[in-house]
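Starting from 1, each residue takes its place in the sequence as its number. What you see is a predicted model; the values in this text were computed from it and never measured.
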Amino acid sequence: MTTETPAPLAVTYAADAQELQEELGRTGGGPVASVGVLVFSGDDGPRLADGTPDPVPVGAVGAGVSVAVDGALFERRGFTAKVGRTLVALGTDGGPAVVFIGCGDARKADFETLRRAGAGFVRAAGRSGTALVVLPESFTGESGAGVDSRAGQAVAEGALLGSYRFVGHKSENDEGQIDRLIVLGAGLDGTGARRGIERGIRISRAVSLARDLVNEPPSSMTPRRLAEVAEEELGSSGEVTFEVWDEQRIADEHLGGLLGVARGSAEPPRLIRASYEPSDPLEVDGHVPHVVLVGKGITFDSGGLSLKTAGGMMTMKTDMSGAAAVIGALSVCGDLGIRIRVTALTPVTENMPGGRATKPGDVLTIRNGKTIEVLNTDAEGRLVLADGLSLAAELEPDAIIDLATLTGACVVALGNAVAGLFGNDDDFSARVTAASQRAGEGTWPLPLPDEYRKHIDSDIADMKNIGKTGEAGAISAALLLARFVNDVPWVHLDIAGPARSDENDGVLTKGGTGFGVRTLIELLDGYSPSSV
Ligand code: BES
Ligand code: MN
Ligand code: ZN
């Protein structure tokens, strides 16, 4: 990454006015320039979330800023407290601005509301300085152990993900943002809230890494470069064993799908394999659970000889988002104290139409000996994943999950906010679904019907790499993948839609979204084979 990316926003916690004063003194960043308060919509107009102090302390004990709701102002400015919307009331006499942060209907408030509140706030809080956001207890209406921790995590995640910017190639960075966010607890369990914020910071770092990898231009983020960066990010941890296979090794290991896709490119392919061994492992029935993550790593998808259109190619540096998500998730397993074994496997290559490229009609032999007739070289993801999943199945793990920007058909079916979820094991699928819900990442189940298996029958090989034109394209791709996982519980997430965003919206920022990182972390964190 050529230009230096600014340090992410610092997020800290203060339990009360006293701690806030200490916090302001401890770290640079200046006095509080804006104060955010959470506001619910209601029949009688917007109202402050219960427990919000008025005035809000902003510095020396005793100094405070009034955040009283001004119904006439809201009315005039058309502010109805919709989730993530904000209204800025400028401060008087150089005092801090007050940012009213819309949180919608109090009865529907959840942790996703808090993420969107955090993201909305950092966008509205100005271009520099320190911002303070008030987090009142029982915001979500939930109670019990861990609620305040999850609330702290959600606010930190929202603020950090919403303020993410990829500025690596701009000669000038003109998009200033606040330097520091202090979360002021109102009645919260401080230990829990602090722990949650710390967790949110780590998770956001993993998501930002995935976004950076995706946003880098395709001729900088080649397979070789991706392997190097992955090594920088993962290789230094004592709990991770890191390995990269070069072209020769890939051939020796019979990864015919990966080699076949790489043939048309001047850049050699790579296979990245990283294994996380927890220092404090969780034992279930005498063994430590093991989950393998497989990510599609096409650093640029031109379509190969079945060339894409100019428009279709424009976003195809995004085609390594699965690999980026897997690398991002593995990068924080140690920091988060994940207690199971995790292996990341990512086949990485360009898909290009060079003179030696695989031709429509060619047959490739995958790692596990099965053969695939390639009738469209643009259906390359399933070819490299067939090798990746074969390797994963050989490890005989408890479960395999793959993430891939696999089909345009999935985008047609589910749009940009939701990933298609396929699986061969109801328990594991339910686990991944629950993880994605906790993470605030949308997934929706799609079927693997036996009747459609014949869609990928080939005249001359075990299968072909395309289904029927215009019919169930996301499903025929997933049905092909299913043939490479043996009987290991497996989920496939088709992330072709949500891997990328066209706008800065909620926790998403333009370009790569890092979709999947948070679901993977939730999955690994909650994993043990005995409990669903
Ligand atoms: N990488 C694409 C899928 C994709 C399309 C991702 C749009 C994100 C946005 C994949 O390799 C591809 O080209 N799939 C083809 C398959 C077809 C040829 C059977 C597709 O979806 O058109
Ligand atoms: Mn393609
Ligand atoms: Zn592709």
Side-chain angles (χ1 to χ4, degrees), residues 11 36-41 46 49-50 80-86 99-124 133-144 146-164 181 183 188 192-193 196-197 199-204 206-208 210-211 325 414-419 421 431-444 493 495 497-499 501 503-509 513-523 525-526:
V11 185
V37 287
L38 306 178
V39 181
F40 289 121
S41 58
D50 290 344
T80 56
K82 286 206 178 108
V83 180
R85 295 284 179 83
T86 50
V99 181
F100 295 99
I101 310 167
C103 293
D105 183 339
R107 287 163 302 192
K108 294 189 193 147
D110 58 11
F111 297 109
E112 180 63 10
T113 313
L114 278 179
R115 285 191 201 98
R116 299 189 58 169
F121 180 48
V122 292
R123 292 199 172 105
V133 65
V134 180
L135 181 58
E137 101 182 285
S138 50
F139 169 88
T140 60
E142 288 185 45
S143 56
V147 171
D148 291 346
S149 164
R150 292 188 66 195
Q153 179 187 334
V155 171
E157 262 178 33
L160 286 161
L161 295 179
S163 61
Y164 169 90
L181 175 67
V183 179
L188 265 70
I197 288 172
R199 191 177 150 83
I201 292 171
R202 289 170 181 185
I203 292 172
S204 303
V207 177
S208 300
R211 289 181 182 180
L414 299 174
N416 280 319
V418 180
L421 185 150
R431 197 189 283 281
V432 175
T433 303
S436 80
Q437 279 165 356
R438 285 198 302 276
E441 295 184 317
T443 59
W444 198 256
L493 292 179
I495 61 170
S501 174
E503 50 200 345
N504 297 327
D505 176 27
V507 302
L508 302 183
T509 49
T513 57
F515 185 96
V517 173
R518 292 184 290 141
T519 295
L520 287 176
I521 290 169
E522 283 295 334
L523 174 73
D525 203 38

Could you tell me which residues satisfy side chain to side chain contact (heavy atoms under 4.5 Å, CB included) with Gln437, sequence neighbours excluded, listed by chain and number? Thr433
Residue set satisfying side-chain hydrogen bond (donor to acceptor under 3.5 Å, both in side chains) with Thr443, at least two apart, ordered chain then number -> Ser436
Taking only residues two or more places apart in sequence, or in another chain, which ones meet Ala206 in a side chain to side chain contact (heavy atoms under 4.5 Å, CB included)? Ser331, Val332, Val517, Ile521
If you take all heavy atoms of Ala156 and Ser204, which pair is closest and at what distance? O-OG, 4.3 Å
Sequence neighbours excluded, the answer for side-chain hydrogen bond (donor to acceptor under 3.5 Å, both in side chains) partners of Thr113 is Asp110
Which of Val155, Val37, Leu38, Val99 passes side-chain contact (heavy atoms from CB on, under 4.5 Å) with Phe121? Answer is Val99
Phe40 meets the ring-ring contact (aromatic ring centres under 6.0 Å, His included) criterion, sequence neighbours left out, with Phe139
Distance (rounded to the nearest 0.5 Å) between Leu421 CG and Thr519 OG1: 9.5 Å
Taking atom CZ of Arg85 and atom OG of Ser41, what is their separation to the nearest 0.5 Å? 12.0 Å
Counterpart residues, ring-ring contact (aromatic ring centres under 6.0 Å, His included), relative to Tyr164 (two or more places apart): none
May I ask you to decide if Pro498's main-chain N or O and Thr513's side chain share a donor-acceptor pair within less than 3.5 Å? yes
For Ala151, check side chain to side chain contact (heavy atoms under 4.5 Å, CB included) against everything at least two apart and list the hits. Phe111, Leu114, Leu135
side-chain contact (heavy atoms from CB on, under 4.5 Å) between Leu161 and Arg518: does it pass, once the steps are laid out? CA-CA 11 Å; Leu161 295 179; Arg518 292 184 290 141; 3.9 Å; yes
Sorted by chain and residue number, the salt bridge (Lys or Arg N to Asp or Glu O under 4.0 Å) partners of Asp105 (sequence neighbours excluded) come out as Arg107
Could you tell me which residues satisfy salt bridge (Lys or Arg N to Asp or Glu O under 4.0 Å) with Arg438, sequence neighbours excluded, listed by chain and number? Glu522
Take Val133 and Ile101, measure what side-chain contact (heavy atoms from CB on, under 4.5 Å) needs, and give me the verdict at the end. CA-CA 10 Å; Val133 65; Ile101 310 167; 3.9 Å; yes
Residues passing the side chain to side chain contact (heavy atoms under 4.5 Å, CB included) test with Ala499, sequence neighbours excluded, are Thr318, Ser321, Thr405, Ile495
Distance (rounded to the nearest 0.5 Å) between Leu493 CG and Leu520 CG: 7.5 Å
By salt bridge (Lys or Arg N to Asp or Glu O under 4.0 Å) - contacts of Arg115 (at least two apart): Glu112, Glu157
Minimum heavy-atom distance between Gly514 and Ala210, given as atom pair plus value: CA-CB, 4.0 Å
For Ala193 and Leu188, which heavy atoms make the closest approach, and how far apart are they? CB-CD2, 3.8 Å
Who passes salt bridge (Lys or Arg N to Asp or Glu O under 4.0 Å) against Asp50, sequence neighbours left out? Arg47
Asn504 CG to Arg123 CZ distance, which is reported to the nearest 0.5 Å: 5.0 Å
